[in-house]
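Below is one structure; the comments refer to it alone.
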There are 4 protein chains.
Amino acid sequence: MHPRENGATKEKIIEMSTELFSKKGFDSTRIEEIAKAAGVNKALIYYYFKSKEDLLDQIVHSLMDKAASLAMDFVHFNIVQLIDEGRLEIARDRLRFKDKAAVDQFVKNSQLYYQRLLDFVLEYKSIFRILMLESLKHGKHHKSIFHLLDHLSKDDEANPIFRTIAEADRDFTYSEEMVLFRFFFTTVPLITFAAYYDDYKEISGLSDSRLRDLFLWAFQTTFTSFISGNEIWLKQKEEPR
Amino acid sequence: MHPRENGATKEKIIEMSTELFSKKGFDSTRIEEIAKAAGVNKALIYYYFKSKEDLLDQIVHSLMDKAASLAMDFVHFNIVQLIDEGRLEIARDRLRFKDKAAVDQFVKNSQLYYQRLLDFVLEYKSIFRILMLESLKHGKHHKSIFHLLDHLSKDDEANPIFRTIAEADRDFTYSEEMVLFRFFFTTVPLITFAAYYDDYKEISGLSDSRLRDLFLWAFQTTFTSFISGNEIWLKQKEEPR
Amino acid sequence: MHPRENGATKEKIIEMSTELFSKKGFDSTRIEEIAKAAGVNKALIYYYFKSKEDLLDQIVHSLMDKAASLAMDFVHFNIVQLIDEGRLEIARDRLRFKDKAAVDQFVKNSQLYYQRLLDFVLEYKSIFRILMLESLKHGKHHKSIFHLLDHLSKDDEANPIFRTIAEADRDFTYSEEMVLFRFFFTTVPLITFAAYYDDYKEISGLSDSRLRDLFLWAFQTTFTSFISGNEIWLKQKEEPR
Amino acid sequence: MHPRENGATKEKIIEMSTELFSKKGFDSTRIEEIAKAAGVNKALIYYYFKSKEDLLDQIVHSLMDKAASLAMDFVHFNIVQLIDEGRLEIARDRLRFKDKAAVDQFVKNSQLYYQRLLDFVLEYKSIFRILMLESLKHGKHHKSIFHLLDHLSKDDEANPIFRTIAEADRDFTYSEEMVLFRFFFTTVPLITFAAYYDDYKEISGLSDSRLRDLFLWAFQTTFTSFISGNEIWLKQKEEPR
DNA sequence: GATGAATGAGTGTTCATTCAT
DNA sequence: AATGAATGAACACTCATTCAT
């Protein structure tokens, strides 16, 4: 198959490798297979990509960028805006809202955001599978998953989300509780849901929409357990044993 | 290193492969490396194990057995016993406890069980890392993770935990909500916590005991959000949108 | 770099491949590299040359022609002329000159010729490097070096230099001694000097002019050891042990 | 072909690669070919050698060691001994011998040494061919040839031959003339003779013994041109033009 | 003349596995 | 039990060369 239209070949290669990497893992996917699946010559892959790893890098990075911009959207149009309007105040240990309406809006927006995230991770579920796979090895993308939708870097300067919130509210600081909770009980379930989606669907026998509903309900239940009146607790109320 | 005492060599091989598999992934670990790490000749590994995959199988199965027995313990000494004592009744949509004391005991036991699970997964964190890794590929251990601490098989006959509870209460059936919640917001965070423990510890800079506390607190907060009076809801109270 | 003037592109390609071949060897030089160095597209090289080997051939042949014409000049303006003037007679085992003046002129001309050769090989030192490289392999240009400045073909008919001298003096025949000496102690040092010039210069730390002087002196000393009165010996005077 | 006797396999691999490298060049020799020629599996070569280049290294280094020890022998048993006996004195510009007998002995020994060298290079002619080949590329063994039988390092401390002579005679220093002459008109012809031996033999149609005689005669004639009475000149007597 | 895209045929190297001792 | 030697089957990557425009 000779010259295709503009960029189509490279896209096809990315598409097929994403699928194959996510199905069989990076190591077990052969360049030859990708070539065959994309209907091109093996060597052509090396014309567009420096190496097998470069192929993975490009796939991963494009995802990271998309994820980061989603997260920034949420911060801008929900947190920062509420702060600017004087309806939200960030204290050391809790989010303090001006009134019930502000809480409700925040909760609703958070749920919408989580829905958007869910759509996003499901759309790119193959890549998230790869990302988990790679993050479990001690390779190059080792720590990508920790930075994906989250703000785990100790070095706050380097974290754009932290910086954005901090600019809106100088008192702001992450609590250890919230960071850990967010990661293991919010981000991880989300990504895992995407990564295992096909398997879980097969085992459970549920429909796509039913799965979506159940998952969002579970998240919501989890999330609302932190609300207490007009406040959202970011730290443990009393010392754990 | 010539003749060792009885079985010590085989144990050493299992130990080193576990460590190496979890650090670098199954595919990227070389038999040669395992041999070197265990201080034995490469060919000797084939004296004890049929193949590289057999080595992984033995590692995984021993873990699965331990996990299953932990789960059965909980079912026996908490759920079945409460049912037998007439203090717990399982309905289609909820666990109905006789009184506050019964709820409290169940919650407390559940928390103790989760603590025991936490200790367990942390003790074998290398293997859990392997298990996640392998479950993300479409290989032999593909579905191990779904059966690990959970009861996800549609084929109820095959699930000993389900059978045990069903024997105590004939009405018992799993709700789709609870199964999904348990898996993605309880089991997955637990296993993920173990698998990423070292990485998270490094990034967060927290101590072992602090990490343990924070994680258990997060779980507890999540878990208690299902309690409502003397009942624990297993299904959504009203239809989700 | 689009349209260049007439033939400039082809020249640039030859120039850069000469440099690269001589620096890295024919095999280790990539067409891609040549293209990059010449600032043209890889495929364009195939517009001008049939193959990578064709490129080498054209480089080598242009050099061979120049070398042959230099050698013919010497034969014509020194040997043939002296014979025609009756001042030189070629015997089976020696060159017999009419008088001291004839010897002196021959020696002086020989030295001038060797100087010209030296300038020539240094000007094209890259190509000589390639030539040596290729002659050491058993490839196409395998025997080029033997024919370069010399007259080694047993098949005398094919050797224009031999034919030219033979036409002037019917008795003429090459002695085995002289052929071997000329090749290994005259031609080889000369070509090797060119091929290793840059390396030797760096290691010795000598200037260009000093190197030239030293080399010519060494040659001269070697050369004059064959002169004995009015004769130049082409064969061993007595049997070697 | 399973287990051979002790070390025989490795030797066979070295033997065949030497032959193939020298016949076709390093780059053009395939590992597969070596394996086939040695009657072993391709992978076995990597059991004994780290890489194709490592194979070459080991071949080259063993030769360098042998050559160095030959050169040291000459220095010890000829130069140093004559100095110690007070029959040779090294001046800035010449070797000054006590009497005709001393010169004769030195010349005779030098010729014997050159004969020994000739036998040596012919025995390993395949390797010398490789060495020339590699020294012409800008690779790893780039400068090996300059150090082979010679003493070209500017850094005299590092040159064991220089050090040995200098210990015997504190005035000793190499003249630029002699170093260049030795290299291009002594060492180079010798190595070249070996490298091209088979080709030259075929073209010339001469026998082995005749070739040997002719070559030694040519060397001798060259060498003796530096002798003048009881002295051997190491520098130009008067300035070259 | 000139180029970007495409390809076929390698080629060095790796690695799980087996064999003889 | 233990080992050094040996092997077959891949596999990532390279490169000269060609094609369509």
Side-chain angles (χ1 to χ4, degrees), chain A residues 1-10 27-35 39-55, chain B residues 1-4 6 8-10 27-35 39-55, chain C residues 1-4 6-10 27-35 39-55, chain D residues 1-10 27-35 39-53 55:
Chain A
M1 192 175 301
H2 267 243
R4 236 182 271 222
E5 53 285 30
N6 213 330
T9 308
K10 191 175 179 184
D27 287 336
S28 301
T29 301
R30 308 292 148 228
I31 287 285
E32 180 67 50
E33 287 178 290
I34 298 174
V40 300
N41 184 285
K42 201 167 49 156
L44 192 57
I45 293 177
Y46 289 89
Y47 179 74
Y48 289 110
F49 303 92
K50 237 172 50 193
S51 65
K52 195 183 170 186
E53 193 163 328
D54 182 38
L55 191 45
Chain B
M1 195 172 299
H2 272 238
R4 230 184 273 228
N6 214 329
T9 306
K10 190 175 178 183
D27 286 338
S28 302
T29 301
R30 310 289 153 230
I31 288 287
E32 179 69 52
E33 289 177 288
I34 298 174
V40 301
N41 183 283
K42 203 165 45 158
L44 191 58
I45 292 177
Y46 287 88
Y47 178 79
Y48 288 110
F49 303 91
K50 230 172 56 193
S51 67
K52 193 184 171 187
E53 194 162 325
D54 181 37
L55 192 45
Chain C
M1 196 169 301
H2 273 239
R4 231 183 273 230
N6 214 329
T9 307
K10 189 174 178 184
D27 286 337
S28 301
T29 301
R30 311 291 153 226
I31 288 286
E32 179 69 51
E33 288 177 289
I34 297 174
V40 301
N41 183 283
K42 203 165 46 157
L44 191 58
I45 292 176
Y46 288 88
Y47 178 79
Y48 288 110
F49 303 91
K50 230 171 57 194
S51 66
K52 193 183 171 187
E53 194 161 327
D54 181 38
L55 192 44
Chain D
M1 190 175 303
H2 267 245
R4 237 182 269 224
E5 52 285 26
N6 214 330
T9 307
K10 191 175 178 185
D27 287 335
S28 302
T29 301
R30 308 294 148 226
I31 288 286
E32 180 67 51
E33 287 177 291
I34 298 174
V40 300
N41 183 284
K42 198 164 55 151
L44 192 59
I45 292 177
Y46 288 89
Y47 179 76
Y48 289 109
F49 304 91
K50 236 172 50 195
S51 65
K52 194 182 170 188
E53 192 162 328
L55 190 45

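Order of the sequence lines sets the chain letters (A, B, ...), proteins ahead of strands, with each chain counted from 1.
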The answer to which of T29(A) and Y48(B) contacts DNA chain F further toward the 5' end, by nearest nucleotide, is Y48(B)
Short side-chain N/O contact to dG4(F) OP1/OP2 from N41(B), under 4.0 Å: yes
Rounding to a whole Å, what distance do you find between I45(D):CD1 and dA6(F):P? 12 Å
Out of dT18(F), dC15(F), dT3(F), which has the shortest distance to the side chain of A43(A)? dC15(F)
Y46(C) side chain near dT17(F) phosphate (N/O to OP1/OP2, under 4.0 Å): yes
Could you tell me the separation between the NZ atom of K50(A) and the C1' atom of dT14(F), rounded to a whole number of Å? 15 Å
When rounded to whole Å, the CD1 to P distance for the pair I31(B) and dA9(F) reads 19 Å
What integer distance in Å separates K52(A):NZ from dA10(F):C1'? 12 Å
When rounded to whole Å, the CD1 to C1' distance for the pair I34(D) and dT7(F) reads 18 Å
DNA chain F: D27(C) or S51(A), which has the more 5' nearest nucleotide? S51(A)
Separation of L44(C) atom CG from dT18(F) atom P, in whole Å? 15 Å
Using the P atom in both, what is the distance from dA20(F) to dG1(E), to the nearest Å? 22 Å
Just to confirm, is there a sub-4.0 Å distance from OP1 or OP2 of dA16(E) to any side-chain nitrogen or oxygen of R30(B)? yes
side-chain N/O Y47(C) vs dG1(E) OP1/OP2, d < 4.0 Å: no
So, does the side chain of K42(C) form a donor-acceptor pair with the base of dT17(F) at under 3.5 Å? yes
Dot-bracket, 5' to 3', for DNA chain E please: Watson-Crick or G-U pairs under 3.5 Å, [ ] where pairs cross earlier ones, | where the partner sits on another strand, dots elsewhere. .||||||||||||||||||||
From CD of E32(B) across to C1' of dT18(E) the rounded distance in Å is 15 Å
Measure from the side chain of T9(A), starting at C-beta and using heavy atoms only, and say which of dT7(F), dT13(E), dA6(E) lies closest. dA6(E)
Check E33(C) against S28(C) and note the closest heavy-atom contact, atom names and distance. OE1-O, 3.7 Å
For residues 44-52 of chain B, run the donor-acceptor check on the side chains, cut-off 3.5 Å, and write out each pair with its distance to 0.1 Å, sequence neighbours left out.
unit_1 : atom_1 : unit_2 : atom_2 : d
S51(B) : OG     : E53(B) : N      : 3.3
S51(B) : OG     : D54(B) : N      : 3.2
K52(B) : NZ     : F26(B) : O      : 3.0
K52(B) : NZ     : T29(B) : O      : 2.8

Quick one: list whatever passes side chain to side chain donor-acceptor pair (under 3.5 Å) with E32(D), sequence neighbours left out. none
